[in-house]
Participant: 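Dumping the structure here so I can ask a few things about it.
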Amino acid sequence: MALAVTSSSSSTAISKGIQNGSFRLLSDRPKPRTHGLNYSQRRFSVKALHAEPKRNASIVPLAATIVAPEGAEVVEKVEVEVEEENFEQLAKELENASPLEIMDKALEKFGNDIAIAFSGAEDVALIEYAHLTGRPFRVFSLDTGRLNPETYQFFDTVEKHYGIRIEYMFPDAVEVQALVRSKGLFSFYEDGHQECCRVRKVRPLRRALKGLRAWITGQRKDQSPGTRSEIPVVQVDPVFEGMDGGIGSLVKWNPVANVQGQDIWKFLRAMDVPVNTLHSQGYISIGCEPCTRPVLPGQHEREGRWWWEDAKAKECGLHKGNIKEENVDGNGNGAVHANGTAIVPDIFNTQNLVTLNRTGIENLARLEDRKEPWIVVLYAPWCQFCQAMEASYVELAEKLAGSGVKVGKFRADGDQKEYAQRELQLGSFPTILFFPKHSSRPIKYPSENRDVDSLMAFVNALR
């Protein structure tokens with residue numbers, strides 16, 4: 001579909017989204033023509049398109065243009081076909097659909113105005129599903145400048161395997177330069193990853209999505225119980241804007257939302273899909289090199305990302321719409337009581353484990369001559385990393401029953417967090433402490449390997 005504008009001037013430019021993969025950026029983007037639709041109608045409406053031939057050009061944030069040949073008369077031609085869609089209803093209809101069916105629906109509906117967001121991790125499954133539909137599809141990725149060499153090699157392998165060109169988006173060089181000059185290369189270790197992610201990922205993504213009407217992500221509900229447990233398979237994007245501008249102008253598809261991580265890997269192996277070699281080194285969730293590391297047994301996959309921060313900070317901003325703004329603690333972890341503690345079921349429930357309240361943990365910490373040693377976990381029940389180690393910690397309690405070592409838990413979020421940080425060495429959840437028999441100061445478990453054998457080795461070395 002093309003849009004042309006009548007003009008008496010022979011040199012008038014025809015404003016248009018795409019033209020054979022050739023782009024020229026304008027300094028001022030003309031406002032999209034609504035043709036009788038008011039803003040509220042337009043922002044929740046989508047244009048139904050058939051799949052068009054694949055283009056190789058980059059996703060651009062502004063209107064692309066070509067110039068009419070000199071002397072050619074430009075005739076007005078307006079083709080507008082608007083179909084209002086109820087995406088909440090569509091999400092319900094597709095709730096039990098396969099990822100392949102959801103992908104096919106997305107590509108059919110949006111054609112060349114939709115693209116797959118590819119991070120270089122297991123979301124290569126999205127590209128395989130798109131390939132299996134037989135429809136043309138586009139793929140873009142955010143090159144932050146801080147990715148692992150293995151990820152760049154993987155990008156090249158994927159392009160050759162599928163015969164495609166990934167459309168890379170880069171951060172603004174001036175913004176990166178200002179950040180690094182003012183705060184250094186590794187400021188995120190000191191003040192959090194959000195600022196760096198905003199410059200290197202969120203703003204480039206925002207520019208990319210300005211050239212689309214829909215995008216496809218690899219989000220899964222099991223990736224992050226704190227922020228992704230309720231994502232639908234399709235939704236109006238609550239944060240970013242699309243081609244037509246305004247919140248509500250972009251549709252977000254999550255075809256593997258209901259798929260378990262282990263099933264994604266079964267699919268990749270069955271289809272002989274190329275994967276990032278970092279996965280064989282213990283990496284599951286893969287991001288920038290300084291902020292990603294392998295996970296250990298008993299750890300949740302997202303614990304390999306920004307490991308120096310609390311579990312509730314494990315979103316970089318690309319999917320910040322997952323974080324609810326109402327009835328949450330300050331970091332998007334679900335409903336809370338007035339005192340700031342999350343309303344979620346408690347964990348580590350077993351008769352072999354002692355639940356300590358504030359008075360109990362204070363008394364334990366003050367004792368210099370205990371009758372028996374203790375191992376205590378400082379936890380928050382909403383923390384996915386605490387949830388991931390629940391089975392091993394409960395097993396530890398069973399193994400230590402009757403051994404002379406007490407196993408306990410202390411909920412250290414909400415009102416208790418400041419005390420735990422000040423007096424109990426709490427850095428992030430979970431923190432595990434061993435209180436020796438003849439020492440007042442607890443010893444902090446230094447490892448992030450939280451399987452039962454590692455915890456038993458820690459206890460046996462100290463009791």
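Quick caveat: nothing in here was measured; it's all calculated off a predicted structure. Throughout, numbering of the chain's residues begins at 1 and tracks the sequence. Because only heavy atoms are used, hydrogens play no part in the values below, and waters and symmetry mates are left out as well, while side chains stay in.
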Participant: Nearest 0.5 Å please: distance from the NZ atom of K201 over to the OG atom of S119.
Facilitator: 8.0 Å
Participant: Rounded to the nearest 0.5 Å, how far does CD1 of I375 lie from CE of M456?
Facilitator: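 Going from CE on M456 over to CD1 on I375, the span is 9.5 Å.
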Participant: Looking at V259, is its backbone amide N or carbonyl O close enough to the side chain of D263 to form a donor-acceptor pair, meaning the two atoms are under 3.5 Å apart?
Facilitator: no
Participant: Crowded around N96 CG? As in, over 12 foreign heavy atoms under 6.0 Å?
Facilitator: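 No, the 6.0 Å shell around CG holds no more than 12 heavy atoms from other groups.
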Participant: Output yes when a side-chain donor or acceptor of Y445 lies under 3.5 Å from a complementary backbone atom of N449, and no otherwise.
Facilitator: yes
Participant: Could you tell me if the side chain of Q416 sits less than 4.5 Å from the side chain of L424, heavy atoms only?
Facilitator: no
Participant: So do the side chains of P274 and H161 get within less than 4.5 Å of each other, counting heavy atoms only?
Facilitator: yes
Participant: Is a side-chain donor or acceptor of D123 paired with a backbone partner of L126 at a separation under 3.5 angstrom?
Facilitator: no
Participant: Apply side-chain contact (heavy atoms from CB on, under 4.5 Å) to residues D237 and F87 and explain how you reach the verdict.
Facilitator: CA-CA 10 Å; D237 196 298; F87 284 97; over 6 Å; no
Participant: Counting heavy atoms not belonging to Q89, are there more than 12 under 6.0 Å from its CD?
Facilitator: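 Yes, enclosed.
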Participant: Using atom types as modelled and distance alone, determine if a side-chain donor or acceptor of T431 lies under 3.5 Å from a backbone N or O of L426.
Facilitator: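 The answer is no, because no donor-acceptor pair under 3.5 Å joins these two groups.
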Participant: Give, for atom CD of Q235 and atom CG of L90, the distance between the pair rounded to the nearest 0.5 Å.
Facilitator: 12.0 Å
Participant: Within a 6.0 Å radius of atom CD on Q425, are there more than 12 heavy atoms belonging to other residues, nucleotides or ligands?
Facilitator: yes
Participant: Charged N to carboxylate O below 4.0 Å: is that the case for R200 and E175?
Facilitator: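 A salt bridge is absent here (no side-chain N lies under 4.0 Å from a carboxylate O).
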Participant: Does N357 form a side-chain contact (heavy atoms from CB on, under 4.5 Å) with I361? I'd like the steps, not just the answer.
Facilitator: CA-CA 6 Å; N357 57 22; I361 194 74; over 6 Å; no
Participant: Any heavy-atom pair between the side chains of D244 and R213 that's under 4.5 Å?
Facilitator: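 In contact.
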Participant: For the CZ atom of F267 and the CG atom of L132, what is their distance to the nearest 0.5 Å?
Facilitator: 5.5 Å
Participant: Applying ring pair (Phe, Tyr, Trp, His ring centres under 6.0 Å) as the test, list every pair that has at least one member in residues 387-418; sequence neighbours left out.
Facilitator: F348-Y393
Participant: Check F429 against A412 and note the closest heavy-atom contact, atom names and distance.
Facilitator: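 Heavy atoms only, the tightest pair is CZ-O, 3.5 Å.
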Participant: Classify the side-chain pair Q219/N254 by whether it contains a donor and acceptor separated by less than 3.5 Å.
Facilitator: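 Note: Q219 and N254 side chains meet the donor-acceptor criterion.
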Participant: Going by the rule side chain to side chain donor-acceptor pair (under 3.5 Å), which residues pair with D453 if we only count those two or more places apart in sequence or in a different chain?
Facilitator: none
Participant: Please name all residues satisfying side chain to side chain donor-acceptor pair (under 3.5 Å) with Y419, sequence neighbours left out, ordered by chain then number.
Facilitator: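 Partners of Y419 by the side chain to side chain donor-acceptor pair (under 3.5 Å) criterion come out as none, since no residue qualifies.
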Participant: Search all heavy atoms of A130 against all heavy atoms of T133 and return the closest pair with its distance.
Facilitator: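 Distance-wise, the nearest heavy atoms are O-OG1, 2.6 Å.
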Participant: Look at E372 together with K437 and state whether they make a salt bridge at an N to O cut-off of under 4.0 Å.
Facilitator: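 K437 and E372: not salt-bridged.
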Participant: Show the nearest heavy-atom pair for residues L353 and G408, with the distance to one decimal.
Facilitator: CD2-C, 3.8 Å
Participant: Is it true that a side-chain atom of E128 and a backbone atom of M271 form a donor plus acceptor pair closer than 3.5 Å?
Facilitator: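 Not a single qualifying donor-acceptor pair exists.
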Participant: Regarding N276 and T151, do their side chains bring together a donor and an acceptor under 3.5 Å, going by distance alone?
Facilitator: yes
Participant: State whether K417 and E423 are salt-bridged, where the test is any N-O pair (Lys NZ or Arg NE/NH1/NH2 against Asp/Glu carboxylate O) under 4.0 Å.
Facilitator: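 E423 and K417: not salt-bridged.
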Participant: Can you confirm whether more than 12 heavy atoms, excluding those of H279, are under 6.0 Å from its NE2 atom?
Facilitator: yes
Participant: Decide if atom CD of Q281 counts as having more than 12 heavy atoms of other residues, nucleotides or ligands within a radius under 6.0 Å.
Facilitator: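 Atom CD in Q281 is crowded, with more than 12 foreign heavy atoms closer than 6.0 Å.
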Participant: Using a 3.5 Å distance criterion without hydrogens, assess whether the side chain of R441 forms a donor-acceptor pair with backbone atoms of F435.
Facilitator: no
Participant: Any Lys/Arg nitrogen of K105 or E93 sitting under 4.0 Å from an Asp/Glu carboxylate oxygen of the other?
Facilitator: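 Result for this pair is no, no salt bridge flagged.
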Participant: L100 versus D104: any side-chain heavy-atom pair under 4.5 Å?
Facilitator: no
Participant: Determine yes or no for a side-chain-to-main-chain donor-acceptor pair under 3.5 angstrom, with S141 supplying the side chain and F118 the backbone.
Facilitator: yes
Participant: Under the criterion side-chain contact (heavy atoms from CB on, under 4.5 Å), I'd like the reasoning laid out for K399 against V452: C-alpha separation, chi angles, the key distance, then a yes or no.
Facilitator: CA-CA 9 Å; K399 286 189 172 185; V452 66; 4.2 Å; yes
Participant: Could you pull out the closest heavy-atom pair between V256 and P99, with the gap in Å?
Facilitator: CG1-CB, 4.1 Å
Participant: Is the number of heavy atoms from other residues, nucleotides or ligands within 6.0 Å of NZ (K92) greater than 12?
Facilitator: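 Open.
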Participant: Sub-3.5 Å donor-acceptor pair from the side chain of K252 to the main-chain atoms of T217, do we have one?
Facilitator: no
Participant: Under the side-chain contact (heavy atoms from CB on, under 4.5 Å) rule, what do V273 and Y162 come out as? Steps first, then yes or no, please.
Facilitator: CA-CA 10 Å; V273 173; Y162 291 101; 3.6 Å; yes
Participant: Charged N to carboxylate O below 4.0 Å: is that the case for E362 and R358?
Facilitator: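 R358 and E362: salt-bridged.
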Participant: Calculate, to the nearest 0.5 Å, the distance between atoms CG and NZ belonging to N352 and K406 respectively.
Facilitator: 10.0 Å
Participant: Show the nearest heavy-atom pair for residues A380 and I347, with the distance to one decimal.
Facilitator: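 Smallest interatomic distance, heavy atoms only, reads O-CD1, 4.3 Å.
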Participant: Less than 4.5 Å apart, side chain to side chain, heavy atoms only: is that true for F154 and T277?
Facilitator: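 Not touching, per the 4.5 Å side-chain cut-off.
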Participant: Counting only N and O atoms by type, is there a donor-acceptor contact under 3.5 Å from the side chain of S454 to the main-chain atoms of R450?
Facilitator: no
Participant: Could you tell me which non-hydrogen atom of G287 sits nearest to which non-hydrogen atom of L147, and how far apart they are?
Facilitator: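 Closest heavy-atom pair between G287 and L147: O-CD2, 4.0 Å.
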Participant: Should L209 and F140 count as side-chain neighbours, where that means a heavy-atom distance under 4.5 Å?
Facilitator: yes
Participant: Is any side-chain heavy atom of L205 closer than 4.5 Å to a side-chain heavy atom of M169?
Facilitator: no
Participant: Report the C-alpha distance between R206 and E241 in whole Å, list the side-chain angles of each, state the deciding distance to 0.1 Å, and finish with yes or no for salt bridge (charged side-chain N to carboxylate O under 4.0 Å, His left out).
Facilitator: CA-CA 7 Å; R206 193 177 299 278; E241 299 181 16; 5.9 Å; no
Participant: Do D143 and Y152 pair up side chain to side chain, a donor and an acceptor below 3.5 Å, judged on atom types alone?
Facilitator: yes
Participant: Under a plain distance cut-off of 3.5 Å, with no hydrogens placed, do K409 and N349 share a side-chain donor-acceptor pair?
Facilitator: yes
Participant: Could you tell me whether the side chain of R370 and the main chain of P436 form a donor-acceptor pair under 3.5 Å?
Facilitator: yes
Participant: Is R146 positioned over the aromatic face of F186, cation under 6.0 angstrom from the ring centre and no more than 45 degrees off axis?
Facilitator: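 Geometry flag: set, cation within 6.0 Å and 45°.
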Participant: Heavy atoms, side chains only, cut-off 4.5 Å: are R220 and E122 in contact?
Facilitator: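 Counting from C-beta outward, R220 and E122 do come under 4.5 Å.
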Participant: About how many Å separate CD1 of I264 and NZ of K266, when rounded to the nearest 0.5 Å?
Facilitator: 11.5 Å
Participant: For R181, does the CZ atom have more than 12 heavy-atom neighbours from other residues, nucleotides or ligands under 6.0 Å away?
Facilitator: no
